[in-house]
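Here is the structure we will look at, set down as structure tokens.
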Number of protein chains: 2
Amino acid sequence: MFIDPMATLPLFGDIGPVESRLLSENSRVRAYPKGAYIFRQGADIQNFYVVCKGTVQVYRGTPDGHEITSDILIAGDCVNAEEIIALDTAHTANTRIVEEAIILELPIHWMRDNMNDLARLAPRLLVGLADRLRGALKDAEHFSTLSAPQLIACYLQSLCVPYGFDPRSFDLPYSKTLIASRLHMELATFSRSLKKLKPFGIVVTGNHVAITNLKKAERLVCNRCTITETCRTRALLDRPPTVVLCTPGMNGERQTGLRVPQVAGV
Amino acid sequence: MFIDPMATLPLFGDIGPVESRLLSENSRVRAYPKGAYIFRQGADIQNFYVVCKGTVQVYRGTPDGHEITSDILIAGDCVNAEEIIALDTAHTANTRIVEEAIILELPIHWMRDNMNDLARLAPRLLVGLADRLRGALKDAEHFSTLSAPQLIACYLQSLCVPYGFDPRSFDLPYSKTLIASRLHMELATFSRSLKKLKPFGIVVTGNHVAITNLKKAERLVCNRCTITETCRTRALLDRPPTVVLCTPGMNGERQTGLRVPQVAGV
DNA sequence: CGATCGTTTGATCCGCATCAAGATAGGTGG
DNA sequence: CCACCTATCTTGATGCGGATCAAACGATCG
């Protein structure tokens, strides 16, 4: 099974033929079975990895033996872009294969040696880094402002963008257990919260999701959330996806505290 | 009051005289009074900003009129590094002056035009971006795994690094209200949690903090937290600060759920 | 000396984690 | 085809942490 990463990955989409060959010569493509690790937390950073196919769970283990999923990656995603630049010598997370995956790897020292040409080699790498940062900021904000049902509503809608799902009817791309973990909540809480979404037009039965009323679904989230990947879902139907700011109005000048009133019953 | 940003800012520490003059010619330094805004959420992105002096609160407003502090910046910090690269045209957060500040500004279009030379112009800009990303990941993890007292313990210790405080005795650099907001918790919760820290050798009276027992204080956090800015505090006393991984042991293979047992009474 | 700001403290309530017991489904072997 | 098994998910009961509302306290200031 051969895959030409240059042709597949938007990451390297707009580079010239010279750079393309350079990349090919210095990269390697490898297949991983389900359950395998690309690398583990604490191990030496050796390569930069890009997912070409499959699903990868990024998680961190706490000393008391539990784990926190920080991201779920699919084809086209960089696994550890920030580690090219980081001062660390060790990986700060585990990356485990959820669905059989094909991974492109580039030696990290080669990447670093070519840092000066990086902008030319992979202009989108920086964009990816910035995107990832924004995603992390969004997560931090969401986890401390949205309720469990809101988080789920937001996540389900945002799923549609990378996967190209029709919000009105699609299947979950991975297990509920994994999704719950990604949303930093217990499976039990996740399961219970799904029922609360029905009145808002989000019906999940088994593996299948049906978002029947996008306006309602958005309203569920938008009074709290501001970065709102969520709103991309609607964009899917109307125009090409971009990040939409849901906060038109300005806010109070003086208050500094965290103060987010609950949506009734959700 | 004149400040030469090139001399002051480590961000531009290792650039040559040519680049330095280029920067000077294209930058502007401006003083802001307390309470002023550098920019507001939703406004057009015009400049890249660096804090030369003072304190800046970065926060986002939710549609229902409340606000969430995402960061507090001090001298040397980039305000919006990610926005140089972002595809967005509008600021995604507010930046308000907490203590009278001096801000360096560089036109964003100039930064972008010189993207190719960016690595040469400001090699540390990328490092800063990566650091910021790591910080955001840490926040996301901490907010959903640490209890309020643990968050505070972690934060108090991490404060010592950028400010060069002696953990055994220092004053809070800004109000408790602001800190509580930065930690995404209510002021009331913050206030109450401080008392719970005493048994762990962290005594806060009024504005003053005394961390009498670093080992105890670390233990309070480290069984849950893995990235642990916290551990830097100890490093302050022993060796130059670096990020320390607190997870020597590996964790279970199969569990995927979020499962973080409580520390008794904290 | 009232007034305002920042902080503490109290009482109450709700969301979610936790523990634990069913339920459903896919897979295997007899 | 059915009994069995394990993985995945649902549902129930309970408890704790922290948000919320509200009142009191201490400072600083005109």
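So that the names make sense, note that chain A is the first sequence line, chain B the second, and so on, each numbered from 1.
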Is A/E141 reaching over with its side chain to a backbone N or O of A/K138, donor-acceptor style, under 3.5 angstrom?
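No; judged by distance alone, with no hydrogens or angles, the pair does not exist.
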Distance below 4.0 Å between [X] side-chain N/O and [N] OP1 or OP2:
X      : N      : value
A/T189 : C/dA17 : yes
B/K176 : C/dT8  : yes
A/S191 : D/dT10 : yes

I'd like to know whether the aromatic ring centres of A/Y49 and A/F39 sit less than 6.0 Å apart in this structure.
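For A/Y49 and A/F39, the ring centres are under 6.0 Å apart.
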With respect to the side chain of [X], which nucleotide from [options] is positioned closest?
X      : options               : value
B/A148 : C/dT7, C/dC16, D/dG18 : D/dG18
B/T177 : C/dC16, D/dC9, C/dT7  : C/dT7
B/P149 : D/dG18, D/dT20, C/dT7 : D/dG18

Starting at atom [atom1] of [X], determine the distance to atom [atom2] of [N], rounded to an integer number of angstrom.
X      : N      : atom1 : atom2 : result
A/F190 : D/dC9  : CZ    : P     : 9 Å
B/L197 : C/dT8  : CG    : P     : 12 Å
A/F143 : C/dA17 : CZ    : C1'   : 16 Å
B/L178 : C/dG6  : CG    : P     : 11 Å
A/L194 : D/dT10 : CG    : P     : 7 Å
A/L187 : C/dG22 : CG    : P     : 18 Å
B/I152 : C/dT8  : CD1   : P     : 10 Å
A/Q150 : C/dC14 : CD    : P     : 17 Å

Check: D/dG12 base within 3.5 Å donor-acceptor of A/R192 side chain:
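Donor-acceptor pair under 3.5 Å: yes.
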For residues [X] and [Y], report the shortest heavy-atom separation together with the two atoms involved.
X      : Y      : result
B/T92  : B/E83  : N-OE2, 3.4 Å
B/D166 : B/F170 : O-CD2, 3.5 Å
B/F143 : B/L151 : CD2-CD1, 3.9 Å

